[in-house]
Every structure is written in structure tokens, then in C-alpha cells.
Amino acid sequence: MSVTLNDKQREASEHTEGPLLILAGAGAGKTKTITERIVTIIKKGTDPRNVLAVTFTNKAAKEMRERIVNRLEEEHIIEHENPFHHTPVIKTFHSLGLMIIKEQYMHLGLHAHPTILDQSDTLSIIKRALEMLSLDPKINDPSKIRGIISREKGDFTTLTKYREKVVTSQMDIVASVWRIYEEELRKQRALDFDDLIVRAVMLLEENEDVRKFYQKRFKYVHVDEYQDTNGSQYAFVKLLVNKETNNICVVGDTDQNIYSWRGANLRNIMNFEKDFPGTYTVLLEENYRSTGNILTLANVAIKKNTVRNDKNLFTKEGAGDKIDIMPSWDEESEAECVAKECKRLIDTGVRGETIAVLYRANFQSRVLEEAFIRANVTYNLLGTKFFERKEIKDVMSYLRAALNRASQPDIRRVLETPKRGIGKVTLAKLFAGEELPKKAEVQIHSVYTFLDKIVELLETEPLSHVIQTIIIDSGMEKEMLDGSSDDRERLENARELVSLTIRYDNVVGKDIIDQFLEETSLQSDQDNDTKEKNGVRLMTVHASKGLEFEYVFIVGLEHDLFPHKKIGSNKQTKEEEEEERRLFYVAVTRARKHLYLCYAELRTIFGQKQINAPSEFLEDVPEEIEELHDLYYKESGGGVVYI
């Protein structure tokens, strides 16, 4: 059975020898192309077991495996439903590493079936390491230390190399914990998740016979989403390729590299032609997903980046609808406008699951959730709902504990956030009414004094000011500012709680807190009623990569929000600016049929109304393809609604 390919897809699928770089734009049929290339190689007489395809997720590997097996069955190369037929090796990076480790366990001093430690196991080892070093795990966060070790392993940095770049006391602590951590893994003959790649790479580097064995076994190597590879994955790929034949094919898109914060290195795909001389490059530019107008915007926007492989997406399906530019008065108006438009679409017969609302920062989901509930539009939030986030629960516990000292869960959370070095034994003694160590007694008394202050503030200050005080004076803000990029994102969410409570500021007194806690509890119950799978999708732009929808709303297109400026940073680097533009490109190219670009003229940030300049990305929309709407005011605000 023949498969229809365009000229460039066919060119890539038929170029089977030597290094091949397929630069595939969004929606350009890369999986179809790589599938046909593998089928072509096997049809030429190569044993399927000598073909390797590596990707990042189990979902992607499963999809690729199903496509390839179906095509091999259609070509009568393998028998349908024969469990013993030979197929290509299709793995994620981690599952490939595990396969090699299991096959070569004797070289690594491991068991044939090594123990793979999960996150709770590795966290326990790190906590024990801190105790052995007489370091308080309540001050030195074990999860942060684990994250640093994982990131360094992903960059293929060894403990020895890390020690050489230690310049702070915190780095010295990480190095000391890492040493004990590795010793414990060796004792247990166990591996963590990162070791599945790192140990396989080290084995291939150090053992020439093993390296040659796999280079001979995998005559053809394919790697999907090559732009997302980190240091260890990059080294892994290079070691698997036979240098005599250089039969490697990688598929990727420099314009969709949006994961630098977790180690993805754009240089890996940019340097491919240097790493593998004689590379043949094919551009897949014909898009089978989006309309011409959507692609025009995507092309105009991404061409402003300097670090990229140039390409120009096009479609033969026509220009399609114009792009809607939808300004609103504030974030509540924006959310209401989006919810009402989604309701209108659904009422005309559009299925909710074909609509997506994309935002740059997690905290933006709160006002959207509320608007969708008010509009009675079923939605599905990809990620953690606002009131279920740890940082929100932490702040709420301060409020509840201030009013009810008998609430042990809230008191426990308050004493543990931020970290004060108060351990489980001390908490057990506190709740049992036993005598406490003097140091712990002083710390706990200080917290209780702060809770008394909260009660006093509730009598005289607006609720938003009280929550602002909790975030700052408790030490939560400082702890999150001093932490990772994830911690700073958590701080954004906590600050959004301040913005939320402004609506309660017309009344002061403890009664308002009861109303607030009651209403937020009811909202959480309503949230649980909106989990049907057929709802509108709400998600971050990062979470949308690899997905596609008929209708896409990109909200919050304002200066410092999208493109995003992180809390605590004064200016973006050139690399950060270009990654934000790649994020916008990814968001735009999720849309198949219709695209809405939304922004608010005012947005409440940490309780303060701010006038926002529209995002620079809106300047990329050519006038001839845009449909500019009038300013939208929230209906309950008393103003006239324009749309």
C-alpha cells in the first residue's frame, strides 16, 4: 500500500544513507516522514532489529511504534498479530538506557534486574545524607538538592566536575550530599532515573567493545525532537552512531526549543552538521494543521529570532479566518470575554475539547477557572487547580490557624512553611502538650505571635493586605525568591491570591475571613464538577506542545507577562527573549482553524492594579489578517459591553 508524501517528505524518507537532518516545522508531518524512512530502510533488506528510533515520551514512542508496525504489516514485511515478529527498537532515552544497563549489568557491577529508585526513595537517601553531615533538612531542602543533582547529571556533569566549580557554601553542601548519595546507590546496587542515561553513556565511553557492539547492532539511528536533548542525551546519541557509516537521522525544529530551564540545549541541533560532516538537510515546511493566516503570523514572529534554522511554513488549504485581537479592560473582563466566546462556539456545535485557552504563567488559571464556572462552561484544567497548589494551601493555613489554634493540620503547615528547622519530634511533643526544647519553644512562640498579629490585622486591615503581610513577613517570599525558577513561579501563584482577595476589601473584620474561606471551599467543590473529558482545555503554553486544537485563545499578551519576566530579574537575556518568542510560536501553531489573541489593559499584580503595554508579539500580526475588536468591559462592572 502506498502512502502519500509530499516531495520533501519523500526526499527525506528515501535518503537512507549517511547523516540526515530533518528540520520539520510545526504540523509538517514529521512522524509520518520518519515512519516512512524506517519502512524504506527495512524494505531495502535491513533487519528491523538493526533500526533504532529514540524519542522523549512513552506516548510518542507508543505512537511511533504503532505507526511503524502498521506500515510493516501493510507492506507484508511482518505478519499481522504475530507476537514473534521482529520490529525496530523504539525507545525513550531512559528505556533505551535501561535496556543497555540490563544487557551489560556485569560491566557495571549491578544485578541483572537493577533497582530503579523513585523520587521518594532518592529523597529519603538525601535526607539521611543531610543528617550524616549534621545539616538540618528543614533548612537545606532535600527536594531542591535532588533537583540540582538531577540537572547536573542531565548536563552530564560528574560529581568530580561539579566539585571543581563549587564557589558557594550551598554548592559545597550539594557536593557533600551528592558524594554520600552516590555511595548509598552503590551499596544498594541501585540507580536513580538520571542514571539510566548517565551510566549507559559512561559504559559506552569507557568500554570500546560494548560501544562497538551497539554501533554494529544499531545500523540506523533515528532521534525525534532533537532540539530538546540535554548534555547526557546528546552524548548518548553520538556514542551509538557508527562513525564509519554515520547513519543517523534526527528530526527537530529550532523554533520549538522551549525547555532550556530543564536542560535542553539548542546548540545540539544547531551543531549537528559539524558533529556529522556530510549531513544532508531537508526542510519540511508544508503545514497540514493550520490555516494560511495563522502560519503567516507564526512565520513573521519567529523570523525575529537570530539563533535558528531558517524555514517558512506554508499550506495549500487557503488563508482561512482572520486572527481575532481581543483587548479587555482587566483580567476579569478578559476571562469573562473568553468564557462567553467559548460558550458561543459550543452553542453553535463546536465540541469543547477542540478549544484550548493557553496562558504563560500558572497563576493566570485562577481568574479563568472562575469565569468558566460563572458562565457554566465545562472546562478541563491541565495541571494543578489554583486552590490545590501547595503555596496557596500554605497561605490559607496561616489564615485558618490564626482563627483556630486547635487545627493541627494548619498549625503543622504553618510551622513547616517556610522551613524553620522544626522537626516531626518537636511537632509531636507540641501536639501532645509535652515540654519542648528551649530553641524550638522560642521559634514556635514567634510563630504564634505572628498568628496573633494576623488576627489583629483582620480587625483593621483589608484581607488583601493581610495576605500580603503573610506572604512577606512569614518569610515565604524570601524563601521562594532565593529558590529555583519553580519557586519563583510558586510566588507568582501566592501573589495571585492577594489579587483575588481585593474583592473582599470593602469589609474588614474576622467575619470576612469566614466568608472568604467558605466561598473558596465551595469553589473547590464546583471545580470537581467540571472534570468531564469533553470540556474546554485550559493549560500553559509549555503543556500545549505537541497538541493541536481547532480554536485557540492565547491570553495575557502583555509586556512582562508574555513575553514573561521572572520575579526578581531586572532584564531578560538575549537567550531568554528568543525562548519567549519560540513559546509564542508554539502557542500560535497549536491552532488549526481559528486564533484569538487576548490582552488586558489593567491587571492586578500582588494586589496592585497595573497599566500594561500590549505584548510586542501583537505587533507581529499583519494588519491585513487581523480582526481588531473593541475594548471589552466585564458586564457586572456596569459598563457597556463591546465585542
List in chain and number order the residues that pass side-chain hydrogen bond (donor to acceptor under 3.5 Å, both in side chains) with R179, two or more places apart in sequence or in another chain; answer none if no residue qualifies.
E183
With sequence neighbours left out, what residues match F56 under ring pair (Phe, Tyr, Trp, His ring centres under 6.0 Å)?
F93
Side-chain contact, heavy-atom cut-off 4.5 Å: L399 with L403?
no
Supply the atom-to-atom distance F549 CZ to Y551 OH, rounded to the nearest 0.5 angstrom.
14.5 Å
List the residues meeting side-chain hydrogen bond (donor to acceptor under 3.5 Å, both in side chains) with R405, not counting sequence neighbours, and say none if there are none.
D452
Any Lys/Arg nitrogen of R146 or D192 sitting under 4.0 Å from an Asp/Glu carboxylate oxygen of the other?
no
Go through the steps for Y379 and E369 under the test side chain to side chain donor-acceptor pair (under 3.5 Å), then give the verdict.
CA-CA 8 Å; Y379 70 91; E369 289 181 73; 3.2 Å; yes
Taking the side chain from S232 and the backbone from G154, do they hold a donor-acceptor pair closer than 3.5 Å?
yes
Residues in side-chain hydrogen bond (donor to acceptor under 3.5 Å, both in side chains) contact with N612, at least two apart in sequence or another chain:
E558
Residues that F562 engages under ring pair (Phe, Tyr, Trp, His ring centres under 6.0 Å), provided they are two or more places apart
F617
Atom CE of M171 with >12 non-hydrogen neighbours under 6.0 angstrom:
yes
Would the number of heavy atoms belonging to other residues, nucleotides or ligands and lying under 6.0 Å from NZ of K609 be above 12?
yes
D136 and K419: CA distance, side-chain angles, deciding distance, salt bridge (Lys or Arg N to Asp or Glu O under 4.0 Å) verdict:
CA-CA 10 Å; D136 193 339; K419 298 187 184 305; over 6 Å; no
Under 4.0 Å between a Lys/Arg side-chain N and an Asp/Glu carboxylate O for E152 and K161?
no
Below 4.5 Å, heavy atoms only, C-beta onward: do P418 and K478 meet side chain to side chain?
no
SB check E580 R360 (cutoff 4.0 Å)
yes
Any chance CZ of F450 has more than 12 other-residue heavy atoms, nucleotides or ligands included, within less than 6.0 Å?
yes
With sequence neighbours left out, what residues match N362 under side-chain hydrogen bond (donor to acceptor under 3.5 Å, both in side chains)?
R389, E489
Do NZ/NE/NH1/NH2 and the carboxylate oxygens of D487 and R490 come within less than 4.0 Å?
yes
Would you check if E616 and P563 make a side-chain contact, meaning some heavy-atom pair closer than 4.5 Å?
yes
Is E182 salt-bridged to K153, going by a charged N under 4.0 Å from an acidic O?
yes
Are any side-chain N or O atoms of S176 and backbone N or O atoms of D172, one a donor and one an acceptor, separated by less than 3.5 Å?
yes
D560 bridged to R603 by N-O distance under 4.0 Å:
no
Less than 4.0 Å between a side-chain N and a carboxylate O, is that true for E579 and R582?
yes
Check against salt bridge (Lys or Arg N to Asp or Glu O under 4.0 Å), R495 and E477:
CA-CA 9 Å; R495 287 181 168 185; E477 182 181 64; 2.9 Å; yes
Checking K545 against D228 for the salt bridge (Lys or Arg N to Asp or Glu O under 4.0 Å) test, could you report, in this order, the C-alpha distance in whole Å, the side-chain angles of both residues, the deciding distance, and whether it holds?
CA-CA 12 Å; K545 187 170 182 289; D228 291 335; 3.5 Å; yes
Q443 side chain vs R420 backbone, donor-acceptor pair below 3.5 Å:
yes
Worked verdict on S397 versus D394 for side chain to side chain donor-acceptor pair (under 3.5 Å):
CA-CA 5 Å; S397 283; D394 290 340; 5.7 Å; no
Contact between L557 and I325 at the side-chain level, heavy atoms closer than 4.5 Å - yes or no?
no
With distance as the sole test, does S499 use its side chain to make a donor-acceptor pair with the main-chain N or O of T604 at under 3.5 Å?
yes
Do E341 and R344 sit within salt-bridge range, that is, some charged N less than 4.0 Å from a carboxylate O?
yes
